[in-house]
Each structure stands twice: as structure tokens, then as C-alpha cells.
Protein chains: 2
Amino acid sequence: MQTLSFTEENYMKIIYRASKLSSPGKTKEVTTNEIAELTDTKPASVSDMLKKLAAKGLINYVKYQGVTLTTDGEAKALLVIRKHRLWEVFLVDKLNFSWDEVHDIAEQLEHVQSDELVRRLDQFLGFPEYDPHGDPIPNEKGEMNSKKKVYLINMKIGDKCDVVGVKDTSPLFLKYLDKIGLTIGAYIEITDKIEFDQSLEIKVNNGRTIIISKEIANNIYTLD
Amino acid sequence: MQTLSFTEENYMKIIYRASKLSSPGKTKEVTTNEIAELTDTKPASVSDMLKKLAAKGLINYVKYQGVTLTTDGEAKALLVIRKHRLWEVFLVDKLNFSWDEVHDIAEQLEHVQSDELVRRLDQFLGFPEYDPHGDPIPNEKGEMNSKKKVYLINMKIGDKCDVVGVKDTSPLFLKYLDKIGLTIGAYIEITDKIEFDQSLEIKVNNGRTIIISKEIANNIYTLD
DNA sequence: GCAAATATTTTAGTTATACTAAAATTTGTA
DNA sequence: TACAAATTTTAGTATAACTAAAATATTTGC
């Protein structure tokens with residue numbers, strides 16, 4: 001199993017991300033210019049690299065037509081993403097970094113080569129399904145949840161979503177949620193956002209309407 | 001604070017190690033040929049690199065006279081060693097690798113750049129003083145235990161000591177030690193030395209008595 | 001003390017990776 | 001179909017690390 005250079009791995013990651021953009025489950029052809037923007041290089045450099053990646057069987061590359069990942073290439077990309085997100089969980093859960101400090105370190109750690117390391121790290125962390133930013137973590141086979149977890153505070157008026165988790169799991173907080181009828185699994189719709197205090201008006205399970213403060217909304221994960 | 005390339009960091013590590021060899025606390029001049037052997041390159045390559053490291057203020061380099069580390073250079077070397085050994089502790093203590101499997105992974109992890117990461121990892125591991133091979137771990141200031149490691153072969157009848165490390169870290173050797181029950185941390189007493197083949201009779205953990213060959217005894221570090 | 005042996009440095013390259021400007025080509029579209 | 005935009009090719013650049021061979025310095029043996 002060939003190992004890729006640091007740069008090649010980054011290209012794979014970027015091509016994967018770009019190919020999944022917009023359309024949720026679908027895969028789209030990624031263009032040279034697009035990759036050049038994302039890697040902050042020139043299209044000429046990208047053409048160069050695409051030839052290399054195609055030669056290694058990682059992308060389907062038809063000149064002037066853009067690229068898609070091969071099965072092999074997608075696996076490679078997902079592994080890098082898996083490693084990045086697992087390390088982020090490690091940094092936040094175990095080393096107590098905050099979620100906005102971990103990206104640069106994870107960018108380095110994701111390139112460490114050892115399948116056994118990844119397997120054991122995953123186990124050590126309890127096989128997490130989401131990273132600290134709410135992004136799903138691929139499992140060893142490359143499978144993952146298809147949606148991103150988002151804090152309720154970030155939803156827009158009219159958005160509909162499921163309540164899937166909380167950041168603060170203290171009994172007090174959970175008890176409060178129970179009291180206002182906002183349990184995990186609830187289906188909600190954001191009906192208004194109050195500018196003044198950033199509180200939200202939401203309709204729960206197509207029924208009752210309640211108001212929650214921005215502090216509460218900032219502790220609730222949703223999935224749309 | 002300049003960051004060094006992967007290769008530069010490895011040179012620093014090797015120069016540090018070679019400069020401390022034989023004489024315990026003392027520092028010796030390290031020669032070009034010596035470094036070439038240790039890095040598995042040619043002397044010409046080493047001369048090249050030495051000029052680079054000297055220009056960065058990391059080594060005292062007088063042509064044809066060998067090199068020593070500057071204060072700055074020693075700090076850099078000690079940081080790499082610190083990171084390597086901390087990651088080894090992580091891999092063994094947290095991810096349950098065995099001590100003969102971790103070297104190659106730690107070789108990669110030691111080059112991740114983030115002082116905060118090292119500080120937090122150290123804390124997470126409980127500020128360990130020795131790595132799984134028994135080598136002392138420098139603290140944030142570069143200080144570490146200087147307790148002299150002595151080859152078991154050099155101990156005298158009646159000496160009691162702790163087994164704290166090995167010279168030969170090959171999986172084969174480590175596996176053999178495990179098999180005969182002579183693990184790091186064991187407390188032993190030398191009960192006899194057999195003249196004929198220079199093998200040793202030792203009592204392990206105040207219990208079982210075993211015989212080990214001079215080859216084995218010449219590969220085991222102890223601390224009294 | 002000096003010549004020979006050894007060690008080291010310099011010279012003049014090589015290889016590999018990744019990048020780029022400019023020219024050439026292809027594609028999509030008006 | 002012609003032109004603009006996108007892409008690829010060409011012909012380089014930069015950097016890092018390495019090397020053989022030649023030149024130079026140091027050490028050693030006599």
C-alpha cells in the first residue's frame with residue numbers, strides 16, 4: 001500500500017471535500033481551477049499533481065473534464081479525514097484544548113502513518129461519531145453519518161431539524177430541557193430569532209411553540 | 001523561534017546523542033564521519049548540513065574540528081527527545097502498544113510542532129520521568145534524571161538494582177526478555193557470576209532465580 | 001619532522017518534490 | 001464558427017537533501 005506525501009494527502013482531502021460540496025450524497029466532478037483556489041496554488045500546478053494522482057490510481061482524470069476520486073482514492077481521502085477528526089477529538093476530550101484551537105495541530109497529526117495507531121486511537125476515544133466541530137468521523141471502513149451536527153443557535157428562521165444531543169450533559173441541564181419539552185429526538189422548526197437577546201422561538205414536534213435563550217441554544221446539537 | 005525540517009531535527013537528535021556517549025555527564029566533540037554513520041549518509045552530506053545548522057546557531061562548528069551543540073541547539077535536541085519519549089509513553093500507557101512497537105510511530109510524532117501540545121500531553125500522562133525503554137524524559141526546561149544506567153554485565157555479586165532499560169530494542173530481544181520474566185521495573189539481585197561463560201545468576205523480584213547469558217546481560221541497563 | 005594515511009571539506013553536480021509564467025490547446029457558448 | 005474561459009503543456013524555478021571526486025587539513029607512524 002503506497003504512502004502519499006504530505007502534499008498529495010492534502011490534495012486528496014481537498015478533492016474529496018470539493019466533490020461532495022452542495023449536493024449532499026452526490027459526487028460531482030471537480031475542476032482544476034477549483035482545486036487551485038482551495039490549495040492556494042496555480043492551475044498549472046494542479047494539472048501537474050492531477051497527472052501524478054491519476055498515475056497512482058487515486059483519481060479518474062480525463063483532460064479538460066475535471067476529476068473524480070476512484071474507490072481507492074476515496075478511501076485514501078476518508079482515511080486522512082478520519083485521522084484528522086479523531087485527533088481533534090483527542091485534543092479536545094483528552095488534552096482539554098478548546099475546539100477552535102485544534103485544527104492546526106490536527107493538520108500535522110493527520111499525516112502520521114500507522115493504521116494500527118488510528119485503530120487504537122479510535123478505540124481509546126470510544127469510537128466517536130462526531131468531531132468537536134460536529135463533523136462526522138468515518139469508521140475504519142470509511143462509513144460515516146451523512147449529516148453534520150450543528151448548534152441550534154446557528155440555525156436560521158424556517159429551518160427544520162432534529163435535536164440529537166447536548167454539549168452540557170449535566171443532570172440540571174437535561175432536567176431543564178425535559179421540563180420545557182425539548183428532548184433528544186424532538187423534531188423542531190425555528191419560527192423566529194429575537195435580535196435583542198438572540199433567543200429563539202421554536203415549534204416542537206409540529207405542536208407547541210417555546211422560547212429558548214441563546215445560552216440554551218448554544219448547548220443543543222441538531223441535525224437537519 | 002525558527003522551526004527545523006524533519007531532517008534537521010534528526011541531525012540535532014543524533015548529534016546530541018553522540019556528544020553524550022560514553023562519558024555520562026560530559027559532552028564530547030562529535031566528528032563528521034561519526035554523524036555520517038549514524039545518519040546513514042556520506043560525510044560530504046554531513047558537512048553540508050553542519051554548515052546549515054551552524055548558520056542557524058545550533059552548533060559550534062570549527063572546520064575539521066568536529067561539532068558541539070550550542071545552548072540553543074541542545075534545547076532543540078532535548079525538545080525532540082522529550083517529544084519522542086512522551087509519545088512513546090502515550091502509545092504504551094494509553095493505546096496499549098507494547099514497548100517494542102512504538103519507536104517508528106514516535107519517530108513521526110516527535111516532529112509535530114506545538115509547544116502547547118507537548119505541555120498538555122506531558123500533563124495528561126502525569127509528567128512521566130522515564131519512557132517505556134527506561135530512558136529519562138526531559139522536562140519543559142530540558143532537565144532530566146541523570147541517574148546512570150549501567151549494563152547488568154558490569155554489576156558485582158551481591159549488587160541489587162532495578163532493571164530500567166535495554167540497549168538493543170529489537171522486537172526479538174524484547175520479546176525474549178518478556179518470556180523469561182525480566183521486564184523493566186523488575187528488582188533484581190546478582191547472586192552469582194559464572195566465570196566460564198560470564199553468565200549471571202540473578203534473583204528476580206526477591207523470588208525466582210534465573211540464569212542469563214553475558215550477551216543478554218550486556219544489553220540490559222540497571223539503576224541502583 | 002615528514003610522508004602516508006585518514007578525515008574533512010569543497011566542487012560540481014544529481015534527484016525529488018512542488019511550484020510557476022507563458023504559450024498552446026481544448027471546450028463551451030454566444 | 002469564433003471567441004472567451006478553462007486547462008494543459010512547456011520550460012523553466014526553488015528548495016532540500018544527497019553524492020562522487022577532487023582538494024585540503026589533520027593525524028599518525030616511523
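All chains are named by letter (A, B, ...) in the order of the sequence lines, taking the proteins before the strands, and each is independently numbered beginning at 1.
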Report each atom pair, protein N/O against N/O of nucleotides 25-30 of chain C, whose distance is under 3.5 angstrom.
residue: C:dT25; atom: O2; partner: A:Y64; partner atom: OH; Å: 3.4

Check whether any side-chain N or O of A:T41 sits under 4.0 Å from OP1 or OP2 of C:dC19, and answer yes or no.
no
[X] has an atom [atom1]; how far is it from atom [atom2] of [N], in whole Å?
X     : N      : atom1 : atom2 : value
A:E9  : C:dA18 : CD    : C1'   : 16 Å
A:K42 : C:dC19 : NZ    : C1'   : 9 Å
B:N33 : C:dA5  : CG    : C1'   : 13 Å

Tell me which pairs pass salt bridge (Lys or Arg N to Asp or Glu O under 4.0 Å) where either residue lies in residues 3-17 of chain B, with sequence neighbours left out.
B:E8-B:K52, B:E8-B:K56, B:K13-B:E107, B:K13-B:E110
Euclidean distance, [Y] [atom2] relative to [X] [atom1], rounded to 0.5 Å:
X      : Y      : atom1 : atom2 : answer
A:E34  : A:I14  : CD    : CD1   : 11.0 Å
A:I153 : A:N219 : CD1   : CG    : 10.0 Å
A:N10  : A:M12  : CG    : CE    : 11.5 Å

Taking atom CD of B:E37 as the centre, report whether more than 12 heavy atoms of other residues, nucleotides or ligands fall under 6.0 Å from it.
no
If the condition is side-chain hydrogen bond (donor to acceptor under 3.5 Å, both in side chains), which residues does B:E201 pass it with, not counting sequence neighbours?
B:T191
By nearest-heavy-atom nucleotide on DNA chain C, the more 5' of A:S5 and B:Y61 is B:Y61
Ignoring hydrogens and geometry, is there a side-chain-to-backbone donor-acceptor pair from [X] to [Y] under 3.5 Å?
X      : Y      : value
A:K148 : A:G134 : no
B:D162 : B:V164 : no
B:K193 : B:M155 : yes

Heavy atoms within less than 4.0 Å of DNA chain C: which residues of residues 45-54 of chain B have one? Give them sorted by number.
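When residues 45-54 of chain B is checked for heavy atoms under 4.0 Å from DNA chain C, the hits, listed by number, are B:S47, B:K51.
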According to the side-chain hydrogen bond (donor to acceptor under 3.5 Å, both in side chains) rule, which pairs have a member within residues 65-75 of chain B, sequence neighbours left out?
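Checked against side-chain hydrogen bond (donor to acceptor under 3.5 Å, both in side chains) - neighbours excluded - the pairs reaching residues 65-75 of chain B are B:N60-B:T68.
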Please work out if B:F6 contacts a base, only the sugar-phosphate, or nothing of the nucleic acid, heavy-atom cut-off 4.0 Å.
nothing
Segment of DNA chain D, first to last nucleotide, that comes within the 4.0 Å heavy-atom reach of chain A:
D:dA6 to D:dT9
When you check the side-chain N and O atoms of B:T27 and B:K20, is any donor under 3.5 Å from an acceptor?
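The answer is yes; a qualifying pair exists.
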